[in-house]
Amino acid sequence: MAPPPQFQRSSSPSQPSGKSEISDLKLQLRQLAGSRAPGADDAKRELFKKVISHMTVGVDVSSLFSEMVMCSATSDIVLKKMCYLYVGNYAKGNPDLALLTINFLQRDCRDEDPMIRGLALRSLCSLRVTNLVEYLVGPLGSGLKDPNAYVRTVAAMGVLKLYHISASACVDADFPSMLKRLMLNDPDSQVVANCLSSLQEIWSAEANTSEEAAREREALLSKPLVYHLLNRIKEFNEWAQCLILDLISNYIPSDNDEIFDIMNLLEDRLQHANGAVVLGTIKVFLHLTLSMADVHQQVYERIKAPLLTLMSSGSPEQSYAVLSHLHLLVMRAPVLFSSDYKHFYCQYSEPSYVKKLKLEMLTAIANESNTYEIVTELCEYAANVDVSIAREAIRAVGKIALQQYDVNAIVDRLLQFLEMEKDYVTAETLVLVKDLLRKYPQWSHDCIAVVGNISSKNVQEPKAKSALIWMLGEYSQDMPEAPYILENLIDNWDDEHSSEVRLHLLTAVMKCFFKRPPETQNALGAALAAGLADFRQDVHDRALFYYRLLQYDESTAERVVNPPKQAVSVFADTQSSELKDRIFDEFNSLSVIYQKPSYMFTGKEHRGLTDISEELGNLSVEAQPAAEALPAQIYEANDVDLLLSTSEKEEVRGPVNNSSAYRAPDYDSTTAALVSSQVPLEADLSIPGLPAYNPQVSSAIDDLLGLGLSVAPTPAPPPLALNPKAALDPGSFQRKWSQLAISSSQEFCIEPRAVVALATPQTLLRHMQGHHIQCIASGGQPPSFKFFFYAQRAGQPPSFFLVECLVNSSSARVQVKIKADDGAAAGDFSALFQAALSKFGE
Amino acid sequence: MLQCIFIISNSGEVILEKQLQGHRADRSICNWFWEYAMAQGGELSQLLPVIASPTHYLFQIFREGIIFLACTQVEMPPLMGTEFLCRVADIISDYLGGLNEDLIKDNFVIVYELLDEMVDNGYPLITEPNILREMISPPNIVSKMLSVVTGRSSNVSTTLPVATQSCAPWRKTDIKNSGNEVYVNLVEEIDAIVRSDGNLVKCEIYGEIQVDSNLSGYPDLTLSFANPTILNDVRFHPCIRFRPWELYQLLSFVPPNGQFKLMSYRVKKLKSIPIYVKPQLISSSGSCRMTVLVGTRNDPGKPIDSITIEFHLPSCVTSADFTSNHGTVNILADKRCSWSIGRIPKDKAPSLTGNLVLESGLSSLHVCPVLQAKFKIMGVALSGLQIDRLDVKNMPTQPYKGFRALTRAGEYEVRS
C-alpha cells in the first residue's frame, strides 16, 4: 500500500483541525499495526474508539481504511467488533479496499470461538459489495452447517443479505432449499425463525419469476409447517413469535375443529408481556373466526381485557398504537367497550396524541346507558388547560349529540359552554350549535335565545363566525337584533378577511331580507355592493348571482335562498365502511394507525413527486398495457417512482365514485365570470334603492347597469384536431421537455365530481385518451397528483404538445404547463386540454 | 422490517446511527424528522409515535431527552417497532445506568454491540436483558475487574449463552450463584381521578411483581395468592406456565437469573383512596383565591410518605403567591407549582393558600388547574393482593425468601 499523500503534511498547521486529526490517527494506527507489545490492544482500542466516534458524528474517516484493516489482526473481540463496524460502514464506498478485509473475515469465520465465527460471518454478509459475492458463498455454506446455533442463526439471516446483494448467486448456491431443511429440522428455535423470515422474503421476491418459488411460498402456509411452528411457539423468543403469528394469520384452516385447535394453542399468548405478541395473536383470532359470527363475538369479549391492559399499562407510544386498534374494533362492535368507558378518560399528563384518540373512543362508544357520564367527563375537559384538547372535547360532545342520545341534556351543556366566555370555547360551540340546529330544528328557541346574546366581536374564527352568521340569517325572525347585527358586520366588510365569512354574510343578509324586508333593505344594498366590488371571485360571483336573481323575480329568489328546509338526518361520514373493512383486514399493521388501507400509502412514496421529470428518461413506459402487468413489475416501477401502479386494486373500486359525487350548483361559473367583466364595477351600486320588492326599480337598475340579458356563450373549442394514434417514447419526451420553453401556463379549478373521480387516477388517463391526449407518466398520492401528457396535431407537420399537469384534489385546483413544438398552436391546445379536463367525471 | 435506528439528542444532533439493512437509510431523514418536530411546536414528548415521512415510516420514542428513531419502508406490525424501541431504550438505560447524551457518547461502543445482538437485518432478535448480559457485560465494574484479573480487557464474554438451545430461552442451565435467595417485590401504582366535589371518577391499580432470583441450577418456583380473584387482567413473563394459572391460579415458573418482571396486573374499581386533596378556587374581580387541603382519607395502616402536590397554573394567571402551614412551595419558571409535604403531621391538616392574579380584562378564572398528587406507602399493596406462599423445588437447600410491597401514586389527579 502506497503511503497516502497527505501523510507528510500531517503536522502542517495550515490543515484544518479535523483533517490533521485524521492523519494523526492514521500515523498512530500505523505504528500500532504490527505491535505485539503488551498494552498495544488497549492503545488500539482507544484509537478505534476515536475513529468510530468520528464516523458516528459524520466525519468521513474512510481514508483510514487500510490502517484499520491492518490493525484488526487481533484476538481482542471488542477491537474486532469495532473494526467490523467500521468496515461495514465504508466497504460499499471502497470496494477495492474491502477486498483487503475479506481475508481476515474469512479467517475469523473459521475461528474456534463460535462468537467470533458468528460475528465475522455477520460482518462479511454486511459488506454488500457485489464483486465480493464469490467470497461469501463458502463461509455461508459452512455457517449453515456449523455445530453452534449462534453461527447458524447468523448464517440463516446472512443468506437473505446475500440474496439482496445478488439473487442469482444465492439461488445458484441452492441456499433456499438448505434453509428449508434447517427450518424443518433445526433444534434451535432462533435458527428456525431466521430461516422462516429469510425464506418468506426470498420466495416472495422470486415468486414472480419462478413458479417453483411461488409453490414454495404457498408451502410456507401448509398445514404441517404451520403446526410444526405452532406446537413449538413457546420456545421461540417474542419477536419470532410475532413473525409466526403473522404467518398464521394468513393460514386458512380446513375446518372449524382446526380453528378451535389453533385458538386453544394460542390462547395464552394473549397474556404475553410483549404487546406485539398480544396484538399478533388477536389478529389471528379475528381472522380465523371471521366466518363464524357468534365465535367472532366471543373473541371480541376475550380480547377486550388484554387490549385494555395493554393500553393502560404501556408507555404512551404503545398506548397510541393499541388505541388505534381499539378504535378500529369499536367501529365494528360499538357495544363492546360501552361499559368500560372509564378506561378512555384522559389523564392530565398524557400526551395529546393519546388524549385525542381517547376522545374519539369516548365519542364512538357513547350510547343510551353511558352518555350522561361521558358527556359530564367531556365537559370537564372543556375547561382544560390544553386548548386543543378542550376544542376536541367540545367537538366530541357535539358528535355525541348528533348521534341522538339524550340530546336534551347535551344542548343545555353546550349552551353553558357559550356562557364560559372563552373565545375558543365559544367558537367551537357555535359551530356545533349550528349543526345541531340543522338536525334538530325543534331546539331552535332555546339555542337562539343564547346565541342572540353573543357579541359578534368576541367571535373571530372564520368557521365560528360563519356559523353565527348562518344562524342570524336562518332565524332572523326570532332574533330581534339580527338585521342590525348583520348590518354592523357588513359595515365592517373590509375588516373581514375570510371569503367564507363574506359568502355567509351575503346569504344571511338575503335570508334576512325576505323575512324582515324594511329593516334589512339598506344592509342588503350595502352587502351586494361590497360583494360586487370584492376581488375574490366566489364572493363577487355570489353577490352578482343574488343581484341578478332579485332582478329577475324576487319570489324565485326567495325560493332559492329560503327554501323550506328539512332536518338533516345523517351527516356524511368521512370514511366509507368499505375502507374500514379493508383496514380491518390489515389489523396489526401500520394502516390501522394511519386509518388508511396500505395500498393508499405503501410503495408510492419512495421518492418525492418532484423527481418525476428527472427520472422520466430511465423509466419503462407505464402506459395502458402496464395496468395488467405482474405485481412484481409494478413493484419495480414503484421503486423508480412511477406511476399508478396500484391501478389494479383501485380499478376495482373505481366505478363506485360517481354515484356519490357531490353536484356543484348548476350555474356556470364561466358564464358568470364573463358577465362580470361587463359590469362597470365603478358604477355607484350602493345608491339605487336596490332591488327591494319593487319590480320597476329592479328593471331600472337593469338599465342602469347596462346588463344585457344575453349572455355571451362559452367559446366553442378551437379548431385543432389531434392525432388519435400519437406516439412518443419517454426518451424523446424528456428531450423535448428540456428543450422547449413553456408556451402556456395556467391554473384553474376543476369540478368536485372530477375530484371524486380522481380517486382512481387511472380513469383520468383513460378519459384524456378519449380526447386523444396520451399520458406518459404520472404519480403522487392524495391530495396531489402529477401527470405528464402529450398529444400530436393531426396532419402536417406533426407537432407535439407536452403537458405537465399538477392536480391538487383537496383544493380542486389544477396547474397546467404546456410546451409545444409549434408555439402558435399552444393556445388552441390549451383550450382543448382544458375542455377535455372539464368533462372529466361526467 | 426496520431499516435503520438513529439515536438523536434533544437538540437534534444524531448521536448514533445503526444501519440494519443493505438498503441504507440516508441520514437526511433525521433532518426531515427534526424539521417536522420543530414544525409541530418542538414539544418532543408530544410527537406522534408513528410518523409518515415522504420516504419512510418512522417510529420514535422519547426517553429522558433522547429520541430513539427507527425507520422502515414496508408494512409491519406497529407495536413491533414501538415495543422494540422501548426495549432498546430500557436496555441501554439499564446498561449505562441512565440515559443522557454524554453517557451514550462515552459508551457508544457498548451501544453498538448491544444493537448488534438485539437486531439483525431489521428483525428484532434478543431483547431479554439476562441473555444480553451474558453476551455483553455491562460497562464499568465488571469489565474493569476482568481486565485486572485476567489481564485481558474485554467486555464480551467468550462463552456464548447456551440458553438459545435450552427450552427455557430466558435461563441457561448451569447457573452458579454464591447467594441462595429469592426476593419477591409487589409494586403497585394507583391511578385515580377525583372530581372537585371529592367524588371518585375512576380508580385503578396497576401492579407488578418483580422478582430478584439468585438461585443456582434449575429451580422450579410456585407462587400462590390468597386472593387471586381480585386480579382483573394479567400479563406474564414468558417463563410462567399457563395451565397451572388457568386451573388453579398458581404461578409456576423457572425464573431467569437476576431481576425480572414476573407479571403485571390490573385491579379495577377500587373504592378507597389513601389521601384526599381538596382544592377550592374563588374568583373575584380579577384575582382568585386558591386553597388546597390535604389529609388522610382511608388509613392504609402504614405511613404515607413523600407527599407532593403539583399543578400547572393556567396561562391566564399572571402571578401567584402561596403560603402553606406545612412543607414547602415552589413556583417554577413554566408556571408549575410544587408543594412538597412529606408526611402528614399528626396535629394539623396541611393546607396551602394563595392568591392568583389574573390577566387584565379577565374577571374570573374559567380554566381550572388539575392537581397531581404523588406519594408512596411502604409495606402495603393497596389493591389488597396477598401472596400466600412461595415454594421452591429442585434445590438442594431451601433458599432465603424475602417479600416486600410498595404502593405509590401513578396518575393521581384531582380536578378543581
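Quick caveat: nothing in here was measured; it's all calculated off a predicted structure. Chain letters run A, B, ... following the sequence lines, proteins first, then strands; residues in each count from 1.
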Go through [options] and name the one with the most non-hydrogen pairs under 4.5 angstrom from chain B.
options	value
A:A276, A:C125, A:A240, A:A193	A:A276
A:C242, A:P306, A:A321	A:P306
A:L310, A:V322, A:L270, A:V354	A:L310
A:E373, A:E201, A:H325, A:H272	A:H272

Of all of [options], which one pairs up most often with chain A through heavy atoms under 4.5 Å apart?
options	answer
B:A52, B:P314, B:S264, B:G81	B:A52
B:E83, B:E13, B:R27	B:E83
B:M263, B:E189, B:E246, B:H312	B:H312

Checking heavy atoms, do the side chain of [X], its backbone, both or neither come under 4.5 Å from chain B?
X	answer
A:I116	neither
A:A273	both
A:V425	neither
A:S312	side chain
A:I52	both
A:Y341	neither
A:R122	side chain
A:I165	neither
A:Y320	side chain

Rounded to the nearest 0.5 Å, what separation is found between the [atom1] atom of [X] and the [atom2] atom of [Y]?
X	Y	atom1	atom2	result
A:L160	B:Y123	CG	OH	6.0 Å
A:Q347	B:Q372	CD	CD	9.0 Å
A:Q318	B:L79	CD	CG	6.5 Å
A:S53	B:I15	OG	CD1	13.0 Å
B:Q19	A:S126	CD	OG	11.0 Å
B:M76	A:D246	CE	CG	10.0 Å

Practice task
Begin with the C-alpha distance, continue with both residues' side-chain angles, and end with the deciding distance and a verdict on side chain to side chain contact (heavy atoms under 4.5 Å, CB included) for A:K161 and B:N121.
Solution key: CA-CA 8 Å; A:K161 293 178 189 166; B:N121 208 24; 3.9 Å; yes
Practice task
May I ask you to decide if the ring planes of A:W239 and B:F84 are parallel, tilted or perpendicular, using 30° and 60° as cut-offs?
Solution key: perpendicular
Of all the heavy-atom pairs spanning [X] and [Y], show the shortest one and how long it is.
X	Y	value
B:V201	A:K342	O-NZ, 2.9 Å
B:E413	A:Y348	OE1-N, 2.6 Å
B:L125	A:Q190	CD1-NE2, 3.2 Å
A:S315	B:R63	CB-NH2, 3.2 Å

Exercise for the section: Kindly indicate, with the supporting measurements, whether the criterion salt bridge (Lys or Arg N to Asp or Glu O under 4.0 Å) is fulfilled by A:E238 and B:R87. Expected result: CA-CA 12 Å; A:E238 45 206 314; B:R87 299 290 180 88; 2.8 Å; yes
If I measure from the heavy atoms of chain A, does [X] come under 4.5 Å with its side chain, its backbone, both, or neither?
X	value
B:F236	both
B:L262	neither
B:L47	backbone
B:K105	neither
B:D90	neither
B:L115	neither

Exercise for the section: Tell me yes or no: between the side chains of A:S352 and B:Q46, is some donor less than 3.5 Å from an acceptor? Expected result: yes
Practice task
Would you sort out whether B:E204 and A:H343 count as a side chain to side chain contact (heavy atoms under 4.5 Å, CB included), showing the intermediate values?
Solution key: CA-CA 9 Å; B:E204 197 175 72; A:H343 281 105; 2.9 Å; yes
Practice task
Decide yes or no on side chain to side chain contact (heavy atoms under 4.5 Å, CB included) for A:L308 and B:R266, but give the supporting numbers first.
Solution key: CA-CA 10 Å; A:L308 288 175; B:R266 263 185 323 131; 3.8 Å; yes
Check whether any side-chain heavy atom of [X] sits under 4.5 Å from a side-chain heavy atom of [Y], and report yes or no.
X	Y	answer
B:K268	A:D340	yes
A:H164	B:Q21	no
B:T127	A:N237	no

Exercise for the section: Kindly determine whether B:M80 and A:N274 satisfy side chain to side chain contact (heavy atoms under 4.5 Å, CB included), including the steps that lead there. Expected result: CA-CA 9 Å; B:M80 211 159 156; A:N274 186 323; over 6 Å; no
Problem - Polar side-chain atom of A:E317 near backbone of B:I61 as donor-acceptor pair, under 3.5 Å - result: no
Handout entry: B:D116/A:K81 salt bridge by N-O under 4.0 Å criterion
Key = no
